Amino acid sequence: MTQDPMHEALLEARAAAARGEIPVGAVVLGPDGRILARAGNRTEADNDPTAHAEILALRAVAALRNSPRLPDCDLVVTLEPCPMCAHAISLFRVRRLIFGAYDPKGGGVDHGPRIYESASCHHRPDIVGGVRETESATLLRDFFREKRQ
């Protein structure tokens, strides 16, 4: 039975929230659809503002393959990538980006600088947004609501 990649990314996001991290999770799929790496945000745990789920998962696959390019891989992430992650996805040459919730405030794909529409962007992945959007957005909203209390 094939796993639902967004479900797996949501599990990573929930685990990140349980650690006090912003609940974003990501998985990288190989050409056969098998999960090669998974990660949740670790910016607080690692004291690293670049330790976003997308970056961590992509780095893990690049290390596994001993290659900085992943042209046959897909990235599934629970939130529209920020500009930093969107550009990294381009540099990794990811085939397809699938994300959950849209991020009007901090996104870099459909919002903000729209990295893939920039002339300086040399690779644009196929993009599918809004996959299990409500579930992803609710997880984030609930996390921030609890933080404000």
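Because only heavy atoms are used, hydrogens play no part in the values below, and waters and symmetry mates are left out as well, while side chains stay in. If you're wondering where the values come from, they're calculated on a predicted model, not measured in any experiment.
- No donor-acceptor pair under 3.5 Å is formed between the side chain of S67 and the backbone N or O of A62.
- For H111, the side-chain hydrogen bond (donor to acceptor under 3.5 Å, both in side chains) partners two or more places apart in sequence, or in a different chain, are E80.
- Tracing side-chain contacts under 4.5 Å through hydrophobic residues (I, L, V, M, F, W, Y), one reaches V94 starting from V24; they form part of the same cluster.
- In this structure, the side chain of D48 engages the main chain of T50 through a donor-acceptor pair within 3.5 Å.
- The side-chain hydrogen bond (donor to acceptor under 3.5 Å, both in side chains) test applied to R141 returns T138, not counting sequence neighbours.
- Taking the side-chain hydrogen bond (donor to acceptor under 3.5 Å, both in side chains) definition, one finds that R132 meets it with D4, E135, sequence neighbours left out.
- With a 4.5 Å cut-off on side-chain heavy atoms, I89 and L75 count as touching.
- For the residue pair A37 and A60, the shortest heavy atom distance occurs at CB-CB, 3.8 Å.
- The closest side-chain heavy-atom distance from L70 to L58 is below 4.5 Å.
- Under the side-chain hydrogen bond (donor to acceptor under 3.5 Å, both in side chains) criterion, S90 pairs with no residue at all, not counting sequence neighbours.
- The ring pair (Phe, Tyr, Trp, His ring centres under 6.0 Å) analysis of residues 117-149, with sequence neighbours excluded, yields no pairs.
- Open room surrounds CZ on R69; 12 or fewer heavy atoms of other groups in view lie less than 6.0 Å from it.
- Contact detail for A137 and A101: the closest heavy-atom pair is N-CB, 3.8 Å.
- Scanning all heavy atoms of the two residues, the minimum distance from G25 to A13 falls at N-CB, 3.5 Å.
- For the pair P71/R95, no side-chain contact is recorded, criterion being any heavy-atom separation below 4.5 Å from C-beta on.
- The stretch residues 66-101 participates, sequence neighbours left out, in these ring pair (Phe, Tyr, Trp, His ring centres under 6.0 Å) pairs: F99-Y102.
- By the criterion of side-chain heavy atoms lying less than 4.5 angstrom apart, applied directly or through intervening Ile, Leu, Val, Met, Phe, Trp or Tyr residues, V128 is grouped together with I35 in one hydrophobic cluster.
- In this structure, the side chains of L97 and P81 come closer than 4.5 Å at one or more pairs of heavy atoms.
- The structure places CG of L56 at 6.5 Å from CG of D46, a figure rounded to the nearest 0.5 Å.
- When all heavy atoms are compared, the tightest approach of P125 to Y116 is CD-CE2, 3.6 Å.
- Looking at heavy atoms from C-beta onward, I98 lies out of side-chain contact with P5 at the 4.5 angstrom threshold.
- In plain terms, the two heavy atoms of C73 and L36 that are nearest each other are SG-CD1, 4.0 Å.
- When the side chains of ILVMFWY residues are joined at heavy-atom separations under 4.5 Å, either directly or via intervening members, V77 and V61 end up in a single hydrophobic cluster.
- Distance check: H52 NE2 to T43 OG1 gives 6.0 Å after rounding to the nearest 0.5 Å.
- Side-chain contact check for L140 versus I22: some heavy-atom pair is nearer than 4.5 Å.
- Ion pair R96/D72 not flagged as a salt bridge, since none of the NZ, NE, NH1 or NH2 atoms sits closer than 4.0 Å to an Asp/Glu carboxylate oxygen.
- Salt bridge annotation for E21-R42: absent, with no cationic side-chain nitrogen under 4.0 angstrom from a carboxylate oxygen.
- Hydrophobic clustering of Ile, Leu, Val, Met, Phe, Trp and Tyr side chains at less than 4.5 Å, counting indirect connections, unites V131 with L10.
- Proximity of a side-chain donor or acceptor of R34 to a complementary backbone N or O of G30 within less than 3.5 Å is not detected.
- In this structure the side chain of T78 never reaches within 4.5 angstrom of the side chain of E12, judged on heavy atoms.
- Taking all atoms of both residues into account, the shortest heavy-atom contact from A86 to G108 is CB-O, 4.1 Å.
- S136 is not listed as a side-chain neighbour of L79, based on a closest heavy-atom distance of 4.5 Å or more.
- Between the SG atom of C85 and the CG atom of L91 there is a distance of 11.5 Å, given to the nearest 0.5 Å.
- The distance from atom CG of N41 to atom CZ of R19, rounded to the nearest 0.5 Å, is 8.0 Å.
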